[in-house]
Amino acid sequence: MGAATPALAQAYTQAVPSGPPIRLFPAPERMAVPDVESGAGRVLDDPLASPGPSAAPLPLTPPAAPPPVHTPSFDVVPTVASPSAIAVETLGPLDPDGAGPLEGAAGLGGDPWRGIPRAEVLALLPELPTLTPSPAVKELQRRLLLSRGSPAAAPGEPEPVRRFGALRVEKLADMGDPRGAADLAALLPEAMTADEAAARALTDAQLLAGPLDCAAATERAKPFTGPYWQRVALFCRLRARRIGGVMPTEAGAAPAGDDLAFEMLREQPGGDPDFLRVAEAMVGGPAVRPRSLKDPSPLTLAALRTLQAGLPPDVLSLTDPARLAAVASNNGTDPATRVTAAERAATALFLDSRRLAEAYRAAPAKGDELLRLKDAAARDRTVRTRALVQQAMLAAMGGGRRVELAGLALELLDPPMLAGPVGAVVADMLDTLSPTPDAAALAPAAARLCFALGRADRGKRWYDLALRSRPTAEVARLWPLAVIALGPPPGGGALGLAGWLDESLRGADPEARARVAGQLGLLQAMGVAVPEEAWRRTADPEETTPTPADARPPTADPALWQRLAEASADRRVGETALASLLLLGNAGPAGTPPAVVARVVSALRAVGLDSDARAIAREAAAALAG
């Protein structure tokens, strides 16, 4: 009301006789109550700002003053009736499983698990993807698991077999984030002491990623007994001696405690004979020359890395990217095995681009292979060829040769590799080039890669070069990706949409039309207005009953599809993210039907997760632009 308030008050005092206080708003029992059952979006108005149509009108004139009250001369203790509208409810204790290192905007908001029962969350958490090649999916999942907050238990619900906090720690460890898992575990001591599976998952993840925090592992092991924790304790003792520079052979013999530990572990059933052989080498025993390691344990791989002992090629039969990352980080592994393990681990986001580039540089070249890479790339799209291209790029001096090698590197990228460390290594290679007319031939592929990685500024330079140099169908396919990565162009981009459709649909077969429809769906999910005519143009002319644009694809789980729609409509952030991650699965945006990705993007934007939605849409659009 500002400065006008005193003047208004004075005028009103002069016009209205004195009396009791005047109620400026309707009595509580007469105020309008919003209809939460039918309210659109379930958004409640402020009753003080807008009483609603059912509220009683405010009186235009003040009521007459009541007759004077004669107060007796003796004291009276008034009797006040208890208000029946007030209910007293005892709050339960804070859920210790709700702790998390991320809160607010860093995580998923203040109450991410509102509206979804705890039992449903506990059933769905183990199904979250762990092998996705999508950085956008992995980052959203990481924030979901590290966010503060927990789902509420239903009335009378028994305590679960495994607790919410322990399941979060285990999932973070399984998806290759031991640091995040350790940060969360430090906030959940009660849950960790009661869940050996989560404690083992975290310890294994630290062993594979290296180095193991032995002090934390020793503290973590206190509630548990068994051969696994005895082997961990033995490994920590042996590694500490090697790091300290005191070798068992220099000291004369292994300590008696180690001898006893070895004897006990040998006698226990279900042991780890490979680890024991490596551990014996750590105390001065015979050198390890493993002939076969088809299923090495995390302890075995950590001990071999400590010794820098080589690994046999059959270790590449492993499907676990965390173990492959441990193989790649062992400098004793032969370079050919190491580079293959490194790229497989990096594709699943268990190894970063820096360590992948190191493995690429170590791959051996034979004869004049580096001079005949164009022929090699035409017949062999393997990790070895990608590694040799990287090596040749480091040695190349001429600008034309460097542009040629960068073009080969771009051609050798498969769609799932674009947004991850494999694509990042190639993008770093592009950063040594300037987007000039001499490099116009690789501009479309370079723009696509940079946009997929979220390097918008760099991608725009290559995209502008492509527009100036090569107005072809290859460039036209980039338009939706550029809009998603950079935002809609000035003026809404209607002309760009029409031009892109003209170019993309010229002579298109049903598969190409489906790809264009998928790109339209992504654009619409990101807020771009798509006219009905555009959808009609993408329909297959031979189909008598076109499929609706928002129809559920047959491969999408119907229960998750419905859960996502309901959760996003009610702005249940955690449940929306959970359903989105499960629908995308291990395939990620690049390998999921575009209609599913579009539904996920739209749902994430509806609950305020705009940056996650854009990253997921960007990865999907990059795959479709190829």
Side-chain angles (χ1 to χ4, degrees), residues 133 313 316 324-325 327-331 333-347 351-453 455 458-459 461-462 465-466 469-470 474 622 626:
L316 293 176
L324 289 170
V327 172
S329 61
N330 185 341
N331 293 330
T333 306
D334 73 275
T337 302
R338 184 183 174 195
V339 71
T340 303
E343 190 178 86
R344 291 182 187 175
T347 301
L351 200 73
D352 59 28
S353 60
R354 178 184 61 81
R355 289 194 288 173
L356 175 61
E358 292 174 357
Y360 277 152
R361 290 193 291 269
K366 298 177 183 178
D368 61 347
E369 280 185 316
L370 296 182
L371 301 177
R372 297 183 290 103
L373 284 175
K374 188 173 183 178
D375 295 336
R379 65 176 184 272
D380 183 14
R381 295 176 58 87
T382 63
V383 55
R384 189 169 182 276
T385 304
R386 284 187 283 272
L388 295 180
V389 170
Q390 293 292 324
Q391 294 180 31
M393 186 69 170
L394 291 173
M397 301 297 294
R401 174 63 171 166
R402 295 176 67 79
V403 170
E404 178 188 9
L405 291 171
L408 287 178
L410 288 166
E411 290 177 10
L412 290 170
L413 283 176
D414 296 325
M417 299 175 173
L418 289 173
V422 183
V425 171
V426 178
D428 291 342
M429 189 187 216
L430 291 174
D431 286 344
T432 66
L433 304 175
S434 297
T436 59
D438 294 340
L442 55 85
R448 177 193 183 204
L449 174 62
C450 292
F451 284 148
L453 289 164
R455 304 184 184 186
R458 194 71 178 172
R461 296 177 189 174
W462 287 108
L465 175 61
S469 309
R470 302 183 66 189
E474 184 182 11

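Given the structure is predicted, the values throughout are model-derived calculations rather than measurements.
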Mind checking salt bridge (Lys or Arg N to Asp or Glu O under 4.0 Å) for [X] and listing every partner two or more places apart, or none if nothing turns up?
| X | result |
| --- | --- |
| Arg338 | none |
| Arg402 | none |
| Arg458 | Asp431 |

Original post:
Going through the distances and angles, do Tyr360 and Val422 end up as a side-chain contact (heavy atoms from CB on, under 4.5 Å)?
Top reply: CA-CA 10 Å; Tyr360 277 152; Val422 183; 3.8 Å; yes
Heavy atoms only: give me the nearest [X]-[Y] pair and the separation to one decimal.
| X | Y | value |
| --- | --- | --- |
| Ala341 | Val327 | CB-CG1, 3.9 Å |
| Pro444 | Ala440 | CD-O, 3.8 Å |
| Ala452 | Leu418 | CB-CB, 4.0 Å |

Original post:
Is the backbone of Met429 close enough, under 3.5 Å, to the side chain of Thr432 for a donor and an acceptor to pair up by distance?
Top reply: yes
Original post:
Distance-only, no hydrogens or angles: does the Thr340 side chain make a donor-acceptor pair with backbone N or O of Ala336 under 3.5 Å?
Top reply: yes
Original post:
Tell me, which pairs form a side-chain hydrogen bond (donor to acceptor under 3.5 Å, both in side chains) where one or both residues lie in residues 435-452, sequence neighbours left out?
Top reply: none
**OP:** Determine whether Thr347 and Arg344 make a side-chain contact, defined as any pair of heavy atoms from C-beta on separated by less than 4.5 Å.
**Re:** no
Original post:
Given side chains that start at C-beta, do those of Val425 and Arg386 come closer than 4.5 Å, heavy atoms only?
Top reply: no
Original post:
Tell me, which pairs form a salt bridge (charged side-chain N to carboxylate O under 4.0 Å, His left out) where one or both residues lie in residues 406-419, sequence neighbours left out?
Top reply: Arg381-Asp414
Subject >> Sequence-distant partners of Ala342, side-chain contact (heavy atoms from CB on, under 4.5 Å), two or more places apart >> reply: Ala328, Leu351, Leu356, Ala359
Subject >> CG-NZ distance between Leu388 and Lys366, expressed to the nearest 0.5 angstrom >> reply: 10.0 Å
Original post:
Does Arg401 pair with Glu404 as a salt bridge, N-O distance under 4.0 Å?
Top reply: yes
**OP:** Any chance you could lay out the side-chain contact (heavy atoms from CB on, under 4.5 Å) test for Leu430 and Leu410, step after step, and finish with the verdict?
**Re:** CA-CA 9 Å; Leu430 291 174; Leu410 288 166; 4.2 Å; yes
